[in-house]
Amino acid sequence: MAQPDIRLSNGRLLLNEIKRNDWKAIHAYSSRKEVSTYQTWGPNTEEQTKAFVEKIIDDELHQPRTRYVLAVRLKQTGLLIGAGEINLRDTSNGEISYILHPDYWNQGIGTDVAHLLLTFGFQTFDLHRIYATCDPRNIGSAKVLEKIGMKQEGRMREVLKLKDGWRDSLLYSVLEQDFHKQSK
């Protein structure tokens, strides 16, 4: 059964479902080393990017759906420049993540994407808490999480294995009531 197409937006961005033909735009950033520095994947080959897109499309059909990976597009042109994701971990907790083409770093777009994901999680799924993690070396991502009102809860030691060894993760979260207070 097809679900309605999700569309989140603000003045400059549109987040919507990823389609098969989006793989080339996704590959434009997922194939770059600087994008995958703090990730367990990448840089991706074309085949890996296509498989990623197929997995996203497959996840859209799961019932109940718990994973929402959305294309980040510039509203004015429709150009796909990244992805934002929310995973429903249970009925009260969600996890967000985001990734952008490096040409769009340091423009506040990551902050906008993360804020749209929080709004979606709290309003659509009535979540109580949304969290995110980031590599302690990823200063830009940590700043995004702080700008959207998340508080650092701690550091998880050697939680992910990267190409160059084990990686710590900083854990951030925001509670529903705190998000609504700051959004007023």
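Small disclaimer: the values here were computed from a predicted structure and weren't measured.
- In this structure, Arg157 does not pair ionically with Asp168, as no charged nitrogen and carboxylate oxygen lie closer than 4.0 Å.
- For the ring-ring contact (aromatic ring centres under 6.0 Å, His included) test, residues two or more places apart in sequence or in another chain that qualify with Phe120 are Tyr68, Phe125.
- Separating the SG atom in Cys134 from the CG atom in Leu145 is a distance of 5.5 Å, to the nearest 0.5 Å.
- Residues Arg20 and Lys50 fail the side-chain proximity criterion, which asks for heavy atoms closer than 4.5 Å.
- For His27 against Thr49, the heavy-atom pair with the smallest separation is ND1-OG1, 2.7 Å.
- With respect to Glu153 and Arg129, a salt bridge is recorded, a charged nitrogen being found less than 4.0 Å from a carboxylate O.
- Taking 4.0 Å as the cut-off between side-chain N and carboxylate O, Arg65 and Asp59 do not count as a salt-bridged pair.
- Here CZ of Arg12 is found 12.5 Å from OG1 of Thr77. Values are rounded to the nearest 0.5 Å.
- The closest side-chain donor-acceptor pair between Ser141 and Tyr98 falls under 3.5 angstrom.
- Expressed to the nearest 0.5 Å, how far CG of Leu171 lies from NZ of Lys151 amounts to 14.0 Å.
- Using a 4.5 Å heavy-atom cutoff, the side chains of Leu88 and Glu95 are not in contact.
- With hydrogens and angles left out, the side-chain atoms of Tyr172 and Glu146 include a donor and acceptor closer than 3.5 Å.
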Steps toward side chain to side chain donor-acceptor pair (under 3.5 Å) verdict (Ser169, Arg167):
CA-CA 7 Å; Ser169 285; Arg167 173 196 117 170; 2.6 Å; yes
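- Looking at heavy atoms from C-beta onward, Ile18 lies out of side-chain contact with Leu70 at the 4.5 angstrom threshold.
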Which is it for Leu162 and Asp135 under the side-chain contact (heavy atoms from CB on, under 4.5 Å) test, yes or no, and what are the steps along the way?
CA-CA 11 Å; Leu162 301 185; Asp135 188 302; 4.1 Å; yes
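- Contact record, Gly11 with Lys75: O-CD, 3.8 Å, taken as the closest heavy-atom pair.
- The minimum heavy-atom distance linking Lys19 with Ile57 is given by the pair C-CD1, 4.1 Å.
- More than 12 heavy atoms of other residues, nucleotides or ligands shown are found within 6.0 angstrom of CD on Gln177.
- Using a 4.5 Å cut-off on side-chain heavy atoms (C-beta onward), Trp41 and Ser36 make contact.
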Take Glu46 and Trp23 through the test side-chain contact (heavy atoms from CB on, under 4.5 Å) and record every step on the way to the result.
CA-CA 8 Å; Glu46 286 187 358; Trp23 79 266; 3.8 Å; yes
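- Interatomic distance, CG of Asp22 versus CD1 of Ile56, reported as 9.0 Å (0.5 Å rounding).
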So Gln48 and Val53, side-chain contact (heavy atoms from CB on, under 4.5 Å) or not? Walk me through it.
CA-CA 9 Å; Gln48 289 169 322; Val53 170; over 6 Å; no
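- Enclosure of atom NZ in Lys163 by more than 12 non-hydrogen atoms of other residues, nucleotides or ligands within 6.0 angstrom is indicated.
- With contacts defined as side-chain heavy-atom distances shorter than 4.5 Å, the pair Phe122/Val174 qualifies.
- The hydrophobic clustering, which links ILVMFWY residues whose side-chain heavy atoms are closer than 4.5 Å, places Ile96 and Leu160 apart.
- In this structure, CZ in Arg7 is found 10.5 Å from CG in Leu15, a value given to the nearest 0.5 Å.
- In terms of heavy atoms, Ser97 sits closest to Leu117 at O-CD1, 3.5 Å.
- Linking Ile, Leu, Val, Met, Phe, Trp and Tyr residues whenever their side-chain heavy atoms come within less than 4.5 Å places Tyr104 and Val72 in a single cluster.
- In this structure, Thr133 and Met156 have side chains that are in contact, with non-hydrogen atoms separated by less than 4.5 Å.
- In this pair, His101 and Tyr29 present their aromatic rings perpendicular. The plane angle is above 60°, beyond the 30 to 60° band.
- Between Arg73 and Ile81, the closest side-chain pair of non-hydrogen atoms is not below 4.5 Å.
- Atom CG of Asp164 has more than 12 neighbouring heavy atoms from other residues, nucleotides or ligands inside a 6.0 Å radius.
- Contact detail for Leu100 and Val35: the closest heavy-atom pair is O-CG2, 4.1 Å.
- Counting all heavy atoms, side chain and backbone alike, Asp90 lies closest to Leu127 at O-CD2, 4.1 Å.
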May I have the step-by-step check of side-chain contact (heavy atoms from CB on, under 4.5 Å) for Lys24 and Leu80, ending in yes or no?
CA-CA 10 Å; Lys24 285 183 181 178; Leu80 190 153; over 6 Å; no
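- Taking CH2 of Trp105 as the reference point, atom CD of Glu34 lies at 5.5 Å (rounded to 0.5 Å).
- Asn87 and Glu85 are linked by a side-chain donor-acceptor pair at a separation below 3.5 angstrom, with hydrogens and angles left out of the test.
- When side chains are defined from C-beta on, Ile148 counts as touching Leu118, because their heavy atoms get closer than 4.5 Å.
- A continuous path of ILVMFWY side-chain contacts below 4.5 Å connects Val69 to Ile6, so both sit in one hydrophobic cluster.
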